There are 2 protein chains.
Amino acid sequence: MSSQYTFTGEFTFSIDSKNRINIPATLRKQFLSRDKKTFVVTRGIDQCAWIYPMSEWEIIQKELKELSSLSKTNRIFLRNHLRHANIIKFDNQGRFVLPQSLVDYSTIKKDVTIIGVLNKIEIWNPHLLKKVDQSDEVDEQSYEELSERVNI
Amino acid sequence: MSSQYTFTGEFTFSIDSKNRINIPATLRKQFLSRDKKTFVVTRGIDQCAWIYPMSEWEIIQKELKELSSLSKTNRIFLRNHLRHANIIKFDNQGRFVLPQSLVDYSTIKKDVTIIGVLNKIEIWNPHLLKKVDQSDEVDEQSYEELSERVNI
DNA sequence: TAAGATAAGTGGTTAACAGTGGGTTAAAAT
DNA sequence: ATTTTAACCCACTGTTAACCACTTATCTTA
């Protein structure tokens, strides 16, 4: 089964003293009624937080179950992604509380950058995102190859 | 699936104090009813903004969905292509609001040049376009390569 | 070709809504 | 029982988008 969501766009919001973050209305309105404003926040592979609408998370969980625990990489991956998964709902104003552990992990202070990435939403420390952006961590060649496969 | 649109022509319009830009009627009338006046504005590879009718964007989106986020290159590629994509509708007068980030990126001041380029529409700062035009940025060789693939 | 009619481009106003902050009560933990 | 935490409610403010109005251009028809 494939993804039902196609989040896009970038937003600059702020986190308040109670660790509340507002989900941009444009993204929030895309939540299907069957997800009832419920989603999962977890560690991203990069230094950010990932948000999956509940039904998306269920798809991923199913895929994760297929992974053999015999492989060390798989074990680490499963551990890192499942133990930090929190089931969350947003309040009447459209906000949710980002768990302290994820605030720490993504080194979020006052401002946050929120990015829609198809089936998930990413929460970033703006400064960190900028740094990752600028650093040439991706080797150019594989990027080129990719852009040839995907027809933009 | 291949493109349904063939935009052509060049137009000089203006952007107002609220970042509103009018889509030329000639281009607007080509929008298919199923796209319901909805489109995606995003960063062009050159220093301009790109507009894709929704159904065109969906073709791209479908390709992007094939990319797994386990690959680092994929993650960065996806982020960079999706974060600047804004889903937009035009108002009853046929205008749309160009997000500030794209106004900045394409250094648009007062006048804009709008160009139809097959399946997308490009929004340019006229002065910048002129400069790019005059400078022979395209090296002859890649033109040669292109001529072998495309039969003009 | 001129005049009226229709459509296109541009500008401003307003009312709804999104984002943010704080306070109060209920629940949980110590 | 007391302290801490989290959910809920209310309230303020700035932005946005829907609406209205005017001018200029284009098309049509006499």
Side-chain angles (χ1 to χ4, degrees), chain A residues 7-31 35-41 49 51 54 84-104 108-116 121-126, chain B residues 7-31 33 36-41 49 51 54 85-104 108-116 121 123-126:
Chain A
F7 299 118
T8 60
E10 179 173 328
F11 312 83
T12 304
F13 277 27
S14 61
I15 190 171
D16 68 13
S17 56
K18 297 182 197 168
N19 282 1
R20 290 180 300 189
I21 297 177
N22 204 332
I23 303 254
T26 355
L27 301 181
R28 203 187 321 129
K29 277 187 275 187
Q30 292 177 45
F31 273 70
D35 280 327
K36 292 179 200 288
K37 303 177 179 176
T38 308
F39 51 90
V40 166
V41 214
I51 292 178
M54 203 55 203
H84 297 108
N86 303 270
I87 296 173
I88 309 256
K89 297 186 71 170
F90 39 73
D91 66 17
N92 291 335
Q93 277 80 291
R95 295 172 295 190
F96 73 98
V97 178
L98 188 66
Q100 187 60 42
S101 64
L102 287 172
V103 173
D104 295 340
I108 281 172
K109 308 290 178 223
K110 178 67 191 156
D111 293 324
V112 293
T113 299
I114 301 171
I115 308 178
I121 296 168
E122 294 187 344
I123 314 280
W124 282 87
N125 172 338
Chain B
F7 298 118
T8 55
E10 179 172 329
F11 312 83
T12 304
F13 277 29
S14 62
I15 189 171
D16 69 13
S17 57
K18 293 184 203 162
N19 285 1
R20 289 181 300 191
I21 296 177
N22 204 331
I23 303 255
T26 341
L27 299 180
R28 203 188 320 129
K29 276 187 277 188
Q30 291 177 45
F31 273 70
S33 61
K36 292 179 199 290
K37 303 177 180 176
T38 308
F39 51 90
V40 165
V41 215
I51 292 178
M54 202 55 202
N86 302 271
I87 297 172
I88 309 258
K89 296 186 72 171
F90 37 73
D91 66 17
N92 292 334
Q93 280 81 294
R95 295 170 296 188
F96 73 97
V97 179
L98 187 66
Q100 186 61 42
S101 62
L102 288 173
V103 173
D104 295 340
I108 282 172
K109 307 291 178 222
K110 178 67 192 158
D111 294 324
V112 292
T113 299
I114 302 170
I115 312 176
I121 297 168
I123 313 280
W124 282 87
N125 172 338

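Chain naming here is simple, since letters A, B, ... match the order of the sequence lines and numbering starts at 1 in each. These figures come from a predicted structure and were not determined experimentally.
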Send over the distance from [X] [atom1] to [N] [atom2], rounded to a whole Å.
| X | N | atom1 | atom2 | answer |
| --- | --- | --- | --- | --- |
| B:Asp91 | C:dG12 | CG | P | 15 Å |
| B:Asp111 | C:dG9 | CG | P | 15 Å |
| A:Ile114 | C:dT20 | CD1 | C1' | 13 Å |
| B:Ile23 | C:dT10 | CD1 | P | 12 Å |
| B:Phe13 | D:dT24 | CZ | P | 16 Å |
| B:Phe90 | C:dG9 | CZ | P | 12 Å |
| B:Leu27 | C:dA7 | CG | P | 19 Å |
| A:Phe96 | D:dA6 | CZ | P | 14 Å |

Closest to the side chain of B:Ala25, out of D:dC9, C:dG9, C:dT10, is C:dG9
[N] phosphate, OP1 or OP2, under 4.0 Å from [X] side-chain N/O:
| X | N | result |
| --- | --- | --- |
| B:Asn92 | D:dA18 | no |
| A:Lys110 | C:dT20 | no |
| B:Ser17 | C:dG11 | no |

Ignoring hydrogens and angles, tell me if any N or O in the side chain of [X] forms a donor-acceptor pair with the backbone of [Y] under 3.5 Å.
| X | Y | answer |
| --- | --- | --- |
| A:Asn86 | A:His84 | yes |
| B:Thr38 | B:Lys36 | yes |
| A:Arg28 | A:Ile23 | yes |

(Q) Between B:Gln93 and B:Asn22, does the side chain to side chain donor-acceptor pair (under 3.5 Å) criterion hold? Intermediate values first, please. (A) CA-CA 8 Å; B:Gln93 280 81 294; B:Asn22 204 331; over 6 Å; no
Counting the atoms with a prime plus P, OP1 and OP2 as sugar-phosphate, which does A:Asn22 contact under 4.0 Å by heavy atoms, base, sugar-phosphate, or nothing?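 Base, at least one base atom sits under 4.0 Å.
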* Donor-acceptor pair under 3.5 Å: do we get one between B:Arg20's side chain and the base of C:dG9? ->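 Answer is no: no donor-acceptor pair is held.
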**Message:** Between D:dT15 and B:Lys18, counting only base atoms on the nucleotide and side-chain atoms on the residue, is there a donor-acceptor pair under 3.5 Å?
**Reply:** no
Query raised in the report: Looking at side-chain heavy atoms only, is the closest gap between B:Ile87 and A:Thr8 below 4.5 Å?
Result: yes
Walking DNA chain C from its 5' end, the first of A:Arg95 and A:Lys29 to be reached, judged by nearest nucleotide, is A:Lys29
